[in-house]
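Beneath this line is the structure, given in structure tokens, with notes to follow.
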Amino acid sequence: MKTKKHKQKEPNTNNETVKNVVNAALCLALCMVLPFLTGQIPQIGSALSPMHIPALLCGFICGWPYGLIVGFAAPLLRFMLFGMPPLFPTGTAMAFELAAYGATAGILYKKLPKTIPGIYISLIGAMLIGRVVWGAVMTVIAGVSQVQFSFQAFLAGAFLNAMPGIICHLILVPIIIVALQKAHFINYEYDSPAHPDALN
């Protein structure tokens, strides 16, 4: 009987892996495409941070390993394909930042109840950790190169100048995640038994 159960679960595991790979590839493709919506106005693109959205969504939808890989690969791949963002220091710092977004969103979403407050805690936690990682990487880069980076530059880049993007992400990402939950698109494997009707 144990052998039968193992054999019955294996196709589901394979299907889940294929689904995650496909969804992660879609998120990576969105990282390539979305910046074109603001590409004509670099200041708006920098403020709205369109590449952050698919990286965050990948963590929620596919889990932290996929979110980490997609987040890290997106700026580097986009530089190779389109020459933007510049690889150093912007693209390098962004790679670590988006990797932290995707990984943290996936870890927190896996651990927390699949409620709206749980989604917001996961999202805000990911956004804060990603910005701290970005600041840490920029500090390291400034220490080994001629790039100037101060605490004031960190506050401006991570929060003040990024406020339109922060607001946009706080509105869009939860709406998308709740819609995917209601459509039963997101796997409920890690839902807490104490909250079986959290979305009803």
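Just so it is clear, the structure is predicted and the values come from calculations on it, not from any experiment.
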Taking [X] for its side chain and [Y] for its backbone only, find out whether a donor-acceptor pair lies under 3.5 Å.
X	Y	value
His169	Leu56	no
Lys114	Tyr109	yes
Thr92	Leu87	yes
Thr104	Ala100	yes

Item checked: Over-ring placement of Lys19 relative to Phe185, 6.0 Å and 45° cut-offs -> yes
Check: Between atom OG of Ser49 and atom CE of Met94, what is the distance when rounded to the nearest 0.5 Å?
Finding: 7.0 Å
Notebook entry, point to check: How about Phe149 and Trp134: are their ring centroids closer than 6.0 Å?
Noted result: yes
A side-chain contact here means heavy atoms from C-beta on lying under 4.5 Å apart; do [X] and [Y] qualify?
X	Y	answer
Val21	Tyr66	yes
Phe79	Met84	no
His52	Glu97	yes

Notebook entry, point to check: Who pairs with Arg78 by side-chain hydrogen bond (donor to acceptor under 3.5 Å, both in side chains), at least two apart in sequence or on another chain?
Noted result: none
Check: Is it the case that one hydrophobic cluster holds both Val133 and Trp64, taking links as side-chain heavy atoms less than 4.5 Å apart, direct or via other members?
Finding: no
